[in-house]
Structure formats: C-alpha cells, structure tokens
Amino acid sequence: MVLAVGCAKDEGPIFIPSPVTEPGEPIDTAYFSSEVLPIFTQHCWNCHPTMGGLDLGVTEAYTNLVNVTTTGYVPQLRIVPGDAAASVLWHKVSGSPSYGLTMPPNGTTLNAEDLQTIHDWIEQGALNN
Ligand code: HEC
C-alpha cells in the first residue's frame with residue numbers, strides 16, 4: 001500500500017484554524033486597544049520599549065508597527081494591513097522558521113487565543129480601533 005503523505009515541511013509549526021462562523025453570524029472583530037494592546041503590555045513591553053528598535057508601549061505601538069519597515073528584516077514591514085503572512089510581527093509571534101527568535105523569547109509563548117486575536121486584527125486591516 002502506498003501512502004500519500006503531504007509535505008508539511010515549509011509550514012509554520014503552529015496551525016491556526018479559521019474561526020467557524022455560522023452564515024449570518026457577525027464576524028468577531030478584533031480590537032487593537034482592548035484586545036491586542038493588552039497582549040503587548042503583558043508579554044512584550046518589558047523588552048520592547050527598545051529591543052529590535054521596536055516600542056510596543058500603549059501610546060507608541062500602533063505608529064511603530066503598521067506599514068513600518070523592520071529593523072532586522074529590511075525591507076519587510078512589521079505589519080501589512082490585511083496580510084498576516086506578509087507581516088514580520090506575525091512571523092515572529094507564530095514562530096516561522098527563518099525569522100529568528102520566536103516572540104516572546106523568554107519562555108512565555110503566546111497562547112492560541114492571543115495568536116488568533118493578533119492574526120484576526122491584522123487580517124481585518126490592522127485598524128487603530
Ligand atoms: C525577552 C525580551 C523580549 C520579549 C519579551 C519580546 N521580544 Fe520581540 N524582540 C526581542 C529582541 C532581542 C529582538 C531583536 C532580535 C530579533 O529580531 O529576533 C526582538 C525583535 C522583535 C521584532 C522585530 C522588530 C524589527 O523591526 O526587526 C518584532 C516584530 C517583535 N520582537 C515582536 C515582539 C512581540 C509582539 C512580543 C510579545 C508577544 C515580543 N516581541 C516580546 C526581545 C523580546
């Protein structure tokens with residue numbers, strides 16, 4: 001018997017399924033100020049007033065991320081609105097190979113819910129909402 005085995009080598013280590021939305025059900029909006037920022041404050045800000053040239057403080061995070069060129073992954077952008085796969089921040093938090101350290105690198109990896117929130121927020125246009 002021959003087994004057809006798909007090549008999963010190039011996929012990231014974390015698979016995040018799309019949320020199941022019933023027809024007619026409103027899409028769950030991810031809000032920057034009330035959902036994404038608290039993740040940065042809790043898990044990132046201790047290193048990211050400065051490290052990587054990136055300030056994730058409450059008043060600085062948005063303008064330091066959206067459509068801003070990275071320090072370490074030039075010419076790629078930190079966040080491309082509507083496109084998580086093109087956003088370096090997404091690769092850093094989801095542990096994509098070839099993007100160096102997974103964020104946060106101090107053993108407190110984000111849980112699936114936090115990752116989903118960040119992913120949804122980027123895919124929904126990375127609004128300052
Ligand atoms: C223990 C310290 C530490 C924590 C906590 C941390 N980072 Fe980092 N981060 C770094 C260092 C050091 C770099 C630079 C080296 C690199 O790019 O891997 C960096 C780089 C980055 C970069 C690339 C910046 C650029 O422009 O090149 C992003 C994006 C990032 N971190 C996001 C995050 C996020 C989001 C969190 C929280 C979920 C986080 N980091 C938590 C230390 C940390």
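Read the numbers this way: they start at 1 and go in the same order the structure lists the ligands and their atoms.
In terms of N/O distances under 3.5 Å, ligand 1 is approached by Lys92. Below 3.5 Å of separation, one finds an N or O of Arg78 facing an N or O of ligand 1. For ligand 1, none of its N or O atoms has an N or O atom of His43 under 3.5 Å away.
Nearest protein heavy-atom neighbour of atom 38 (C) of ligand 1: Cys44 SG, 2.6 Å. Given atom 14 (C) of ligand 1, the protein heavy atom at minimum distance is Gly52 CA, 3.9 Å. If you check which protein heavy atom lies closest to atom 19 (C) of ligand 1, you get Met103 CE, 3.3 Å. In terms of protein heavy-atom proximity, atom 28 (C) of ligand 1 is nearest to Leu54 CD2, 3.6 Å. In this structure, atom 27 (O) of ligand 1 lies nearest to the protein heavy atom Gly72 N, 2.8 Å. Closest to atom 1 (C) of ligand 1, if we only count protein heavy atoms, is Cys47 SG, 2.7 Å. Protein heavy atom in closest approach to atom 25 (C) of ligand 1: Thr71 N, 3.3 Å.
With rounding to the nearest 0.5 Å, the separation of OG1 in Thr70 from NE2 in His91 is 11.5 Å. Note that NE2 of His43 and CG of Asp114 are 5.0 Å apart. Values are rounded to the nearest 0.5 Å. Expressed to the nearest 0.5 Å, how far CH2 of Trp90 lies from CD1 of Ile79 amounts to 11.0 Å.
The closest side-chain donor-acceptor pair between Thr69 and Arg78, if any, does not fall under 3.5 angstrom. With 3.5 Å as the limit, one finds a donor-acceptor pair spanning the side chains of Gln76 and Tyr99.
Using a 4.5 Å cut-off on side-chain heavy atoms (C-beta onward), Val88 and Leu77 make no contact. Contact annotation: the side chain of Val93 approaches that of Leu115 to within less than 4.5 Å [non-hydrogen atoms, C-beta and beyond]. Using a 4.5 Å heavy-atom threshold, the side chains of Leu54 and Leu65 count as touching. Within the 4.5 Å cutoff, no side-chain heavy atoms of Trp45 are placed close to those of Leu37. With a 4.5 Å cut-off on side-chain heavy atoms, Pro81 and Asn67 count as touching.
In the hydrophobic clustering of this structure, Ile122 groups with Tyr62; members are Ile, Leu, Val, Met, Phe, Trp, Tyr whose side-chain heavy atoms approach within less than 4.5 Å, directly or through other members.
Under the 4.0 angstrom criterion, atom 12 (C) of ligand 1 counts as having a protein heavy-atom contact.
The ligand atoms of ligand 1 that sit less than 4.0 angstrom from a heavy atom of Tyr73 are 16 (C), 17 (O), 18 (O), 23 (C), 27 (O). Atom numbering of ligand 1 starts at 1 in the shown order; those under 4.0 Å from a heavy atom of Val93 are 35 (C).
Counting heavy atoms under 4.0 Å from ligand 1, residue Thr70 touches it through both backbone and side chain. With a 4.0 Å cut-off on non-hydrogen atoms, Asn46 touches ligand 1 through its side chain and not its backbone. Contacts of Val88 with ligand 1, taken as heavy-atom pairs under 4.0 Å, are absent altogether.
Heavy-atom separations between Gly100 and ligand 1 are all 4.0 Å or longer.
Counting backbone and side-chain atoms alike, His48 contributes an N/O/S atom closer than 2.8 Å to atom 8 (Fe) of ligand 1. Within the coordination shell of atom 8 (Fe) of ligand 1, defined by N, O or S atoms under 2.8 Å, Met51 is absent.
Put simply, the side chain of Asp55 never gets that close to the backbone of Thr50: no donor and acceptor are under 3.5 Å apart.
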